[in-house]
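As the structure is a computational prediction, the values presented were derived from the model and not from experiment. For this chain, numbers begin at 1 and follow the sequence in order.
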Amino acid sequence: MSLKRFGVSLESGLLDELDRYTAENGFSNRSRALRFLIEKYVTEEKWACNNIVAGTVMILCDKNAGDVQGRIQDTIRMHEGLVLSSTVYFVSGTCCLYVVVLKGEAVSLTALADRLTSINGVRHGKLLMSRVD
């Protein structure tokens, strides 16, 4: 898919928030952050329903970033009604890959994935869902 360029005008405060979001989430630039946010919005709009779905959340995190692993595990435990299983793989000296398998209402899975991927120290997170009924 080819990329298209366009200009965006933002108020100063909103641009500051975009820059903060970009830095906190490890995006290399504003364009990547905006693409992520737009894709997330489109996906959430499609799944803002009560359909029962199964899904996985993949979370790539820096294992040396504070207590990121503890915060991920605490969040998983707080949502045990949605979580079927979870596992962690140590993919490098500093990087962990969590895979969390879920089942429940699409809107609930989306909310949980958002909580997990917004934890400070998470480099990337992705939710994949499919309707089961």
Side-chain angles (χ1 to χ4, degrees):
M1 177 185 311
S2 66
L3 296 177
K4 305 283 184 185
R5 291 186 181 270
F6 69 98
V8 177
S9 299
L10 298 174
E11 294 85 3
S12 179
L14 192 54
L15 182 59
D16 291 343
E17 287 298 316
L18 177 60
D19 288 339
R20 181 187 58 77
Y21 179 83
T22 300
E24 285 180 359
N25 291 282
F27 293 106
S28 58
N29 56 51
R30 292 174 181 157
S31 292
R32 289 187 187 274
L34 285 172
R35 275 195 300 274
F36 172 81
L37 290 169
I38 293 167
E39 288 172 359
K40 181 179 171 206
Y41 174 79
V42 169
T43 300
E44 286 178 5
E45 284 296 303
K46 288 180 182 177
W47 289 106
C49 60
N50 292 327
N51 290 335
I52 301 299
V53 297
T56 59
V57 180
M58 186 229 29
I59 306 161
L60 198 61
C61 68
D62 181 353
K63 72 178 189 176
N64 298 320
D67 187 29
V68 64
Q69 292 180 66
R71 290 190 309 272
I72 289 171
Q73 291 167 355
D74 289 344
T75 303
I76 289 169
R77 276 192 291 275
M78 289 188 308
H79 297 87
E80 63 184 24
L82 298 173
V83 177
L84 299 175
S85 69
S86 65
T87 190
V88 61
Y89 301 94
F90 298 95
V91 295
S92 75
T94 61
C95 191
C96 295
L97 174 66
Y98 280 83
V99 178
V100 185
V101 181
L102 308 166
K103 181 181 176 193
E105 290 183 352
V107 69
S108 298
L109 271 59
T110 301
L112 175 53
D114 286 347
R115 278 198 189 102
L116 288 166
T117 58
S118 68
I119 292 171
N120 197 21
V122 170
R123 294 183 189 172
H124 179 75
K126 183 81 172 175
L127 169 63
L128 175 66
M129 296 187 291
S130 184
R131 192 169 171 177
V132 296
D133 60 349

Can you list the residues that meet the salt bridge (charged side-chain N to carboxylate O under 4.0 Å, His left out) rule with [X], with sequence neighbours excluded?
X   : value
R30 : D19
D67 : none
R20 : E17, E24

Pair listing, salt bridge (Lys or Arg N to Asp or Glu O under 4.0 Å) test, anchored in residues 75-103, at least two apart: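 Sorted pair list: D74-R77.
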
Enumerate the salt bridge (Lys or Arg N to Asp or Glu O under 4.0 Å) contacts for residues 82-101, please, sequence neighbours excluded, ordered by first and then second residue.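 Listed once each, the pairs would be none.
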
Nearest 0.5 Å please: distance from the [atom1] atom of [X] over to the [atom2] atom of [Y].
X    : Y    : atom1 : atom2 : answer
L18  : L34  : CG    : CG    : 5.0 Å
S86  : I76  : OG    : CD1   : 4.0 Å
M78  : R115 : CE    : CZ    : 7.0 Å
K126 : I59  : NZ    : CD1   : 13.5 Å
I72  : C96  : CD1   : SG    : 7.5 Å

Considering non-hydrogen atoms only, spot the tightest contact between [X] and [Y] and give its length.
X    : Y    : result
V83  : V100 : CG1-CG1, 4.1 Å
G121 : A65  : CA-CB, 3.7 Å
V68  : D62  : CG1-O, 3.1 Å
T56  : V101 : CG2-CG2, 4.1 Å
G55  : L109 : N-CD2, 4.1 Å
F36  : G125 : CE1-O, 4.3 Å

Side-chain heavy atoms of [X] within contact of [Y], under 4.5 Å:
X    : Y   : answer
E105 : I52 : yes
L112 : T75 : yes
L102 : V57 : yes

Would you please name every residue forming a side-chain contact (heavy atoms from CB on, under 4.5 Å) with [X], sequence neighbours left out?
X    : result
R32  : F27, S28, N29, R35
T117 : none
S92  : T94, C95
N120 : R71

Which residues satisfy the ring-ring contact (aromatic ring centres under 6.0 Å, His included) test with Y98, sequence neighbours excluded?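 With sequence neighbours excluded, Y98 shows a ring-ring contact (aromatic ring centres under 6.0 Å, His included) to no residue whatsoever.
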
Could you go through residues 6-15 and list every donor-acceptor pair under 3.5 Å that involves a side-chain atom there, pairing it with any protein atom two or more places apart or in another chain?
none

When clusters are formed from ILVMFWY side-chain contacts under 4.5 Å, directly or step by step, what else is grouped with M58?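 Traced through the cluster, M58 reaches L60, Y89, V91, L97, V99.
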
